[in-house]
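Residue indices begin at 1 and follow the sequence shown. If you're wondering where the values come from, they're calculated on a predicted model, not measured in any experiment. When reading the values below, keep in mind they use all heavy atoms of this one structure, side chains included, and skip hydrogens, waters and symmetry mates.
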Amino acid sequence: QVQLVESGGGLVQPGGSLRLSCAASRSIFSIYTAAWYRQAPGKQRELVADITYSGSTNYADSVKGRFAISRDNAKNTVYLQMNSLKPEDTAVYYCNFKTVVAGNPLFDIWGQGTQVTVSS
């Protein structure tokens, strides 16, 4: 019923910046944790960053100081600002909205993925 639509990916040179967006297709309650994951060819999917409904954030060590996750609950949208991009950031990036209670997922939806390529 609810879809997450991603945008903002593309080709960028090392040191450049991109801003990814992930928007729910309709209004939803904002109790979820939002996250960005990425997956490079031949590698496991990894958590890049997440943010709680109240704004608490968590980052992978590899992106700390370079990436920033944020959310606009009124717009049902989460963002990932990516600065000082490196070739190793190249991957398909996926957003996820999730709520877990007592170990059970009540809400778990994913975006379609957007390609980020960092190359000169």
Side-chain angles (χ1 to χ4, degrees):
Q1 292 184 8
V2 179
Q3 295 177 305
L4 300 183
V5 181
E6 300 183 30
S7 62
L11 175 65
V12 65
Q13 294 185 1
S17 298
L18 287 172
R19 192 190 197 202
L20 306 183
S21 297
C22 176
S25 60
R26 63 178 177 86
S27 181
I28 56 174
F29 292 108
S30 301
I31 60 173
Y32 56 86
T33 294
W36 288 95
Y37 293 80
R38 67 186 181 188
Q39 188 165 24
K43 297 183 66 177
Q44 287 270 58
R45 183 185 64 184
E46 66 172 335
L47 177 66
V48 176
D50 59 34
I51 182 168
T52 69
Y53 77 97
S54 61
S56 297
T57 58
N58 176 63
Y59 297 93
D61 288 342
S62 60
V63 307
K64 285 181 179 177
R66 300 189 298 119
F67 290 11
I69 188 170
S70 61
R71 64 193 289 168
D72 186 336
N73 290 334
K75 295 182 178 180
N76 305 296
T77 301
V78 63
Y79 306 95
L80 185 68
Q81 178 67 46
M82 304 185 293
N83 300 321
S84 302
L85 283 161
K86 304 174 181 180
E88 51 263 43
D89 295 318
T90 296
V92 178
Y93 284 71
Y94 299 91
C95 62
N96 171 246
F97 293 1
K98 188 173 184 177
T99 300
V100 178
V101 176
N104 298 313
L106 272 60
F107 184 79
D108 188 0
I109 54 176
W110 291 82
Q112 82 280 7
T114 185
Q115 177 71 48
V116 172
T117 302
V118 185
S119 176
S120 59

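- One hydrophobic cluster, built from ILVMFWY side chains closer than 4.5 Å, holds both Met82 and Val12.
- Rounding to the nearest 0.5 angstrom, the gap separating the CD1 atom in Ile109 from the SG atom in Cys22 is 7.5 Å.
- Scanning both residues, Ser70 and Ile51, for their nearest heavy atoms gives CA-CD1, 3.9 Å.
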Steps toward salt bridge (charged side-chain N to carboxylate O under 4.0 Å, His left out) verdict (Lys86, Asp89) = CA-CA 5 Å; Lys86 304 174 181 180; Asp89 295 318; over 6 Å; no
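- If you check the side chains of Ser54 and Thr52, you find a donor sitting under 3.5 Å from an acceptor.
- Taking 4.5 Å as the limit, every side-chain heavy atom of Ser7 sits out of range of all side-chain heavy atoms of Thr114.
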Where do Asp108 and Lys98 land on the side-chain contact (heavy atoms from CB on, under 4.5 Å) test, with the steps shown first?
-> CA-CA 4 Å; Asp108 188 0; Lys98 188 173 184 177; 3.9 Å; yes
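- Listed here is the closest heavy atom pair of Ser25 and Gln1: OG-O, 4.1 Å.
- Applying the 6.0 Å contact sphere to CD of Glu46 captures more than 12 heavy atoms from other residues, nucleotides or ligands.
- Glu88 CD: more than 12 foreign heavy atoms inside a 6.0 Å radius.
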Applying side-chain contact (heavy atoms from CB on, under 4.5 Å), run through Arg38 and Leu80 and close with a yes or a no.
-> CA-CA 12 Å; Arg38 67 186 181 188; Leu80 185 68; over 6 Å; no
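- Between Lys75 and Thr77, the shortest heavy-atom distance links the atoms O-OG1, 2.8 Å.
- The list of ring-ring contact (aromatic ring centres under 6.0 Å, His included) pairs with a residue in residues 71-113, not counting sequence neighbours, reads Tyr32-Phe97, Tyr37-Trp110.
- Residues Asn83 and Ser17 share a closest heavy-atom pair of OD1-OG, 2.9 Å.
- Separation of atoms SG (Cys95) and CD (Glu6) is listed at 4.0 Å; rounding is to 0.5 Å.
- Within the model, atoms CG of Leu11 and OG of Ser120 stand 9.5 Å from one another, a figure rounded to the nearest 0.5 Å.
- Here the CD-OG distance, from Gln81 to Ser21, works out to 9.5 Å after rounding to the nearest 0.5 Å.
- Contact of the Thr90 side chain with the Gln115 side chain is registered, since non-hydrogen atoms from C-beta on lie closer than 4.5 Å.
- Transitive grouping of hydrophobic side chains (ILVMFWY, heavy atoms separated by less than 4.5 Å) brings Val2 and Trp36 into a common cluster.
- Here the CG-CG distance, from Asn96 to Leu47, works out to 9.0 Å after rounding to the nearest 0.5 Å.
- Scanning both residues, Leu18 and Leu85, for their nearest heavy atoms gives N-CD1, 3.9 Å.
- Residues Val92 and Leu20 do not share a hydrophobic cluster, defined by chaining ILVMFWY side chains whose heavy atoms lie under 4.5 Å apart.
- The distance from the CZ atom of Phe67 to the OG1 atom of Thr57 is 14.0 Å, given to the nearest 0.5 Å.
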